[in-house]
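Taking it in order: structure first as structure tokens, then the write-up.
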Amino acid sequence: MTDQAHNGEKVAWTEQELAEIEEIASRYPSRRSAMLPVLWMAQHKFGWLSLPVLELVAETVGVPPSEARAVASFYTMLKKKPTGRYVLQVCHTLSCALNGAEEIIRHIESKYDFDENGNTPDGLFTLERVECLASCGSGPMMQVGEHYYERLTPEKVDEILAGFESGEPLPTPRPEADEWQWNLQS
Amino acid sequence: MPTVKVNGIEVEVAPGTNMIEAARQAGVDIPHYCYHPHLPVAGNCRMCLVDVEAGGRGPDIACNMQARDGLAIRTDTDNVKRMRRSVMEFLLVNHPLDCPICDQAGECRLQDYYMEHGQHHSRLADEKITRTKRQDIGDLIILDADRCIACSRCVRFSDEVTKTGELRLFNRTDHTEIGVFPGTRLSHHYQGCLADICPVGALTNKDFRFQKRSWYLRAEPSVCDRCATGCNIDVDHDHGEVFRYRPRRNDAVNKSWMCDFGRLSYKRLAAEDRILTARGPEGAEGVDAVLAGLAAAVDAAARDHGDGSVGLVLGTRATNEANWAMLRALRAAVPGARVFLVEGNDPDAFDYTDDLLVHADKNPNTAGVRLIAEADGAVGDAEALRAALADGGLRLLLVLADDVLARLGEVRRPEALAFFGTWANATSEAARWVLPLAAAQEVEGSFTNFQGRVQRLQPAIPAAGDSRPGQVLAAGLARALGEDALPAGAAGVFHDLAANVPAFFGLSLAGLGAEGALVHREPPTEQVAPPDTRPAP
Amino acid sequence: MTQQVPGPEMTTGQKFYVREVLQGLWITLKHTVRNVLNADENFTIIDYPDVKKVMPERYKGAHRLTTRPDGKVKCVACMMCAQICPAKCITIEAGEDPDDPVEKYPVQFQIDMLRCIYCGFCVEACPKDAIRMDTGIYEINGFTRQDLIHDKAYMKDLKAGKKPLAEDWYREHPEDAPPGYDVKAPKLREGY
Amino acid sequence: MDWIQIGIVAAKIGFAVAFVMSIVPILIWGERKWSAYIQDRPGPNRAQIAGIRAGGLVHVLTDVVKLFMKEDVQPTAAMKAYWWVAPLIPMIVGLMTFTVVPWSSDFAIPAHSFGDWPAADLTIPMQVARINAGMLFILAFSSLSVYGIMLAGWGSNNKFSMLGGLRASAQMISYELAMGLSVVVMFLVYGTVRLDEIAQQQAGSIFNWGIFAPTGFIVGLIAFLIYWTSVLAETNRLPFDLPEGEAEIVAGYHTEYSSMRFALFFMAEYAHMIVGSTLTVTLFFGSYNIPFLRPETLQANIDGVLIALGCLGIPVNLFFAWLAWKRRRRVFYLSIRPDDPRQKEPKFWVAVWTMAALASAGLAVLGISRWVGMHLLAAETAVLLLHIGMLLVKVMFFCYVFVWIRWTLPRFRYDQLMNLGWRMMVPVAIANVLLAGIWVIIRETFLA
């Protein structure tokens with residue numbers, strides 16, 4: 001993922017991507033219905049949905065650019081602000097909070113110098129407080145990408161973040177032996 | 001025709017009518033924000049919730065309820081009042097207290113319904129959510145997203161009417177705000193309508209901004225004179241000064257819209273190039289003196305060079321009455337005078353045309369003058385005028401309202417020219433006699449738009465300076481020429497017109513109504529006497 | 001029509017008035033003697049130009065326009081005061097200030113004190129607490145009618161005690177003077 | 001009649017005019033100052049000369065200046081002659097009536113007091129004209145003053161002025177009757193219409209005063225009450241000042257007058273007050289006589305009287321000095337600037353009253369020195385001065401009563417005024433005359 005490189009630069013689809021978009025659009029009776037998949041594609045490709053990206057999407061789908069922005073602004077999972085490479089989404093709803101989510105968040109905050117968007121200066125991490133991610137039995141927990149990290153302690157967090165910093169492939173979450181695990185896609 | 005009951009009142013309405021309109025026909029007003037008769041139904045403000053008595057279930061929104069037989073609603077129950085109060089509370093939760101600086105104050109639906117139905121004390125303990133204020137999003141529009149109640153009328157207007165789709169609702173829940181895509185601006189020429197349809201003060205007219213509090217203004221119905229469409233307008237004025245035009249609903253002509261060119265044309269009423277005083281060869285002398293001088297010149301020309309040396313150019317920008325009275329006055333005094341009609345646009349007309357409202361013909365009364373010319377039978381066109389000027393037989397030419405010299409281009413100028421007009425132009429520059437003609441919003445009379453719809457004008461403000469309505473100037477000229485028997489006053493002139501021009505048979509000025517009346521496409525062969533609605537002399 | 005309201009019947013003694021007159025004279029005599037003996041000390045009066053009364057807090061004196069911390073007037077030219085004013089003595093011209101979060105401000109704000117009836121409705125009507133009559137100034141005077149039209153610059157945070165004549169104010173601040181006003185030689189008795 | 005006699009008469013005329021005209025401004029001042037004290041306020045106190053405000057007397061001066069400077073507005077439609085002459089009449093009448101009022105006992109100059117002058121014993125009557133008509137002259141003349149008011153009302157050619165004039169003349173004529181009847185009692189009691197004789201008969205004990213109708217008590221009292229009420233009405237003073245109801249009924253006959261013409265009406269009212277007071281004093285309150293001191297007794301014991309007067313004057317003047325000193329604590333003095341010239345006023349008054357006390361002491365010393373008693377005509381002169389002083393004191397007291405009543409009583413309604421005049425006072429006055437006659441018969445028959 002390129003971070004903010006598309007700001008000020010011309011953004012464009014590749015031929016392959018355009019073909020994919022056509023394929024998606026063909027599934028719907030109206031072309032504008034392809035908006036959400038195309039936005040999702042754009043987020044994967046460009047990292048976040050900057051205004052030029054939204055314009056590109058609108059042009060591709062054939063709607064005014066304001067509509068692309070309206071749709072994008074509705075969904076929180078579509079990022080309207082630059083994010084780091086790893087988005088640390090720490091749950092702070094009841095069960096996790098009771099088990100020390102705030103302590104985890106404070107720990108992460110003290111480790112890095114987050115700006116007002118919740119990004120680290122090197123663009124590696126983004127810290128977000130999120131509501132319940134349905135892993136209440138194993139709180140406190142956080143989600144990074146599509147993986148859950150559960151029963152967090154500051155030491156455990158240090159270990160996980162050190163793994164990310166070292167640039168190694170995503171460390172797979174260690175399954176808790178006796179607990180139910182749910183991964184989003186894998 | 002389905003029959004529905006509103007608060008126990010039975011009313012028969014056209015199929016497809018929704019219950020807000022049905023209730024209106026029954027004399028019941030259902031409060032609403034997002035519903036607009038000329039926009040698709042969105043149903044998101046919930047203000048029009050009513051109790052369904054029969055033919056449905058539970059409370060429902062009246063705007064999305066189509067009239068059908070057996071349907072009965074009530075708007076006066078305690079439940080409805082409670083619902084309205086709750087809806088108002090939600091709408092006002094994050095609404096800023098901007099009324100003192102908000103231009104909408106006084107004509108704001110939020111204020112009105114709050115006073116009528118609202119919960120008069122706030123239960124909100126938290127900080128209000130604020131949104132972006134004062135966004136300059138168009139040539140005529142300032143957007144204050146903080147005041148928006150997300151009724152989406154403007155979104156639907158830009159999607160459905162102008163089809164440009166610049167405006168959208170962004171974000172969600174209580175952070176929802178209206179806006180344009182960053183970096184873009186409104187591009188259409190109907191921006192003023194956005195301020196009109198906004199039920200609150202989120203979209204305000206930049207031109208009218210802070211000029212006047214709305215409750216000081218009085219509205220008079222009139223017709224826009226900037227193109228052949230003839231949009232119906234309300235002239236908002238205070239103490240003789242016009243502050244804005246607003247479109248007046250006429251489903252047959254302009255629905256609820258008007259273009260920005262027409263909207264801003266109120267400035268022309270007080271423009272610097274208004275002709276305010278009469279001017280003769282000896283300078284400004286007063287209208288009557290100049291008319292007398294002109295009449296003497298007409299008499300002399302007819303006597304010395306024959307009737308054919310006097311000519312009249314009818315004005316496509318003047319009212320039916322002005323044209324007819326001028327024609328009658330000249331024909332009565334100089335039976336052989338030559339009359340012409342020169343079509344075309346003046347240089348001061350705006351250069352924009354679309355297929356929504358703005359007509360290519362920028363003259364408000366071309367259709368009417370054509371009908372008068374047809375009825376007269378002896379009216380020449382631009383070519384005839386050019387020829388008459390070229391051979392020099394036409395010595396004295398009277399021009400009504402239009403910038404004829406500019407329309408004709410390079411021609412030989414007549415020896416003497418008299419101009420009856422509202423604004424200075426090339427013809428008035430060349431004219432020996434200039435007489436001030438009152439603007440359309442200052443006179444009584446009628447225009448015939450491109451559809452052939454005769455629409456009534458009523459004076460909203462007193463005529464500026466010495467200017468007078470065309471029929472008054474014509475009557476003055478007739479008197480100066482020794483013809484006293486011609487009808488005077490707009491109603492009388494129209495009566496005469498309706499009795500003599502076949503397309504107008506049977507019409508009367510007072511009988512035109514708010515929506516105007518169509519002229520006869522196939523003029524009746526038998527003369528139909530117009531109803532006499534003239535005021536007693 | 002006037003109606004006779006019967007008063008109490010006078011007794012025969014009262015009809016001669018003598019005793020009643022003497023009673024009245026006795027009362028006034030007591031006052032006179034007391035005042036002479038007290039050497040004017042007990043008068044319930046104020047020697048006005050030398051001694052000035054401090055007006056109670058709620059006294060309605062000359063108007064002032066309150067200001068925000070940044071020094072601009074609080075007034076947003078909503079016209080509520082002009083609307084409610086029964087004497088129609090308030091003239092406001094609104095203007096737009098794009099740099100200000102409060103977008104609207106009064107370009108001109110004038111009160112014709114000759115018309116004002118001091119009802120205080122403008123203070124009540126103001127939604128912004130921008131106009132107050134709490135200056136305690138009761139000497140509202142001038143040599144010309146123009147002097148008595150208080151304008152925005154003059155009323156801006158007007159304080160009791162430092163109230164100058166409008167004429168003096170305009171001499172020191174010619175930029176505030178109304179158009180056509182000759183600062184050096186104000187026309188006396190103008191408009192008579 | 002030689003030149004000396006003419007000179008004496010001229011001097012007496014001068015004195016009479018000066019007597020009335022110099023009290024007028026004092027009364028105008030008193031009207032303001034006394035009313036102020038009744039109403040718990042200081043009254044006029046702004047005008048000053050070098051910081052001295054003289055209790056507001058300076059205001060009278062400014063008033064005079066103002067009245068002279070004011071524009072004399074003459075109504076175009078006025079009847080010029082009447083309008084011109086009207087203000088003069090009340091003033092002339094006021095001064096004329098003073099002609100027959102005695103202000104002292106006769107001044108006797110023994111023969112050859114100054115060489116060969118006078119050739120014989122000369123007795124100068126201390127009144128301008130000693131005429132037999134006496135009080136009748138006054139009654140006759142004072143009736144004329146109504147002409148001034150009628151002419152003013154009529155001549156102004158203004159319906160409000162005319163209504164005011166009618167109002168005033170009706171009132172004045174009504175009360176003249178009661179006044180005449182009450183005076184008749186005095187004629188009966190003293191057996192004369194001459195004021196100098198009445199004055200002489202009132203010398204000695206205060207029970208010789210007219211108010212006690214030498215000892216017919218109730219008769220004199222009733223006569224006095226009726227007379228005094230009538231005088232109030234005659235002079236247009238409250239509670240009978242309907243002729244000039246400024247606020248309610250558009251002033252009165254003087255609506256169209258301004259400047260000094262108005263001032264003439266204004267001063268005439270005060271002149272009438274003075275004359276009215278003088279007559280009251282002359283008829284009912286012992287005239288110029290000092291109680292219990294007959295003129296001859298007074299002349300014989302002049303030194304003792306001076307000692308007593310001087311000794312009495314010292315504490316009185318010191319009391320006023322103390323009051324003036326006390327006054328410096330007033331809020332006014334505390335609040336004005338220290339360099340304000342008015343700051344020194346209390347000190348000034350302390351000095352003035354102390355000097356007056358010293359003068360009193362000087363008077364006492366004069367008496368002790370017996371200088372007055374031993375000198376030719378000095379005793380007579382002292383008696384004359386004391387009598388005039390006594391008259392002045394009495395007159396000023398009744399002038400004060402005028403003002404006092406004005407600021408105490410409300411105005412009568414016109415019907416009340418007429419009822420009181422015709423249905424109360426005239427019958428009572430007639431009955432009183434009857435009573436007086438009976439009393440005189442009883443006195444002449446049984447007590448002589």
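The sequence lines fix the lettering, A, B, ..., with proteins before strands; numbering per chain opens at 1. Here the structure is a predicted model, which means the values were calculated and not measured.
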If you look at every heavy atom in D:I38 and C:H31, which pair is closest and at what distance? O-CB, 3.5 Å
I'd like to know whether CZ of D:R423 has more than 12 heavy-atom contacts from other residues, nucleotides or ligands below 6.0 angstrom. no
To the nearest 0.5 Å, how far apart are OG1 in C:T32 and CD in D:Q39? 10.0 Å
Would you indicate whether the side-chain heavy atoms of C:T28 and D:W34 approach each other to under 4.5 Å? no
Name the region of D:R46, side chain, backbone, both or neither, that has any atom closer than 4.5 Å to a heavy atom of chain C. side chain
Taking atom CD of C:Q23 as the centre, does the number of heavy atoms from other residues, nucleotides or ligands within less than 6.0 Å exceed 12? yes
Taken in chain and number order and not counting sequence neighbours, the residues that satisfy side chain to side chain donor-acceptor pair (under 3.5 Å) with C:K72 are C:D100
As an exercise, state the distance from OH of C:Y17 to CG of D:L409, rounded to the nearest 0.5 Å. 10.5 Å
Could you state the interatomic distance from OH (D:Y37) to CG (C:N38), rounded to the nearest 0.5 Å? 10.0 Å
For C:L25 and D:W404 the tightest heavy-atom approach is O-NE1, 3.0 Å
Below 4.5 Å from any heavy atom of chain C, which atoms of D:I405 appear? Answer side chain, backbone, both or neither. both
What closest approach, in Å, do C:L29 and D:Y400 show between heavy atoms, and which atom pair accounts for it? CD1-OH, 4.4 Å
Please state whether the side chain, the backbone, both or neither of C:V18 comes within less than 4.5 Å of a heavy atom of chain D. side chain
Test item: D:R41 and C:N35 side chains (from C-beta on) under 4.5 Å apart, heavy atoms: no
Are more than 12 heavy atoms from other residues, nucleotides or ligands located less than 6.0 Å from atom CE of C:M10? yes
Looking at D:V401, D:N419, D:L323, which one has more heavy-atom pairs under 4.5 Å with chain C than the rest? D:L323
At a 4.5 Å cut-off on heavy atoms, which part of D:W407 comes close to chain C: side chain, backbone, both, or neither? backbone
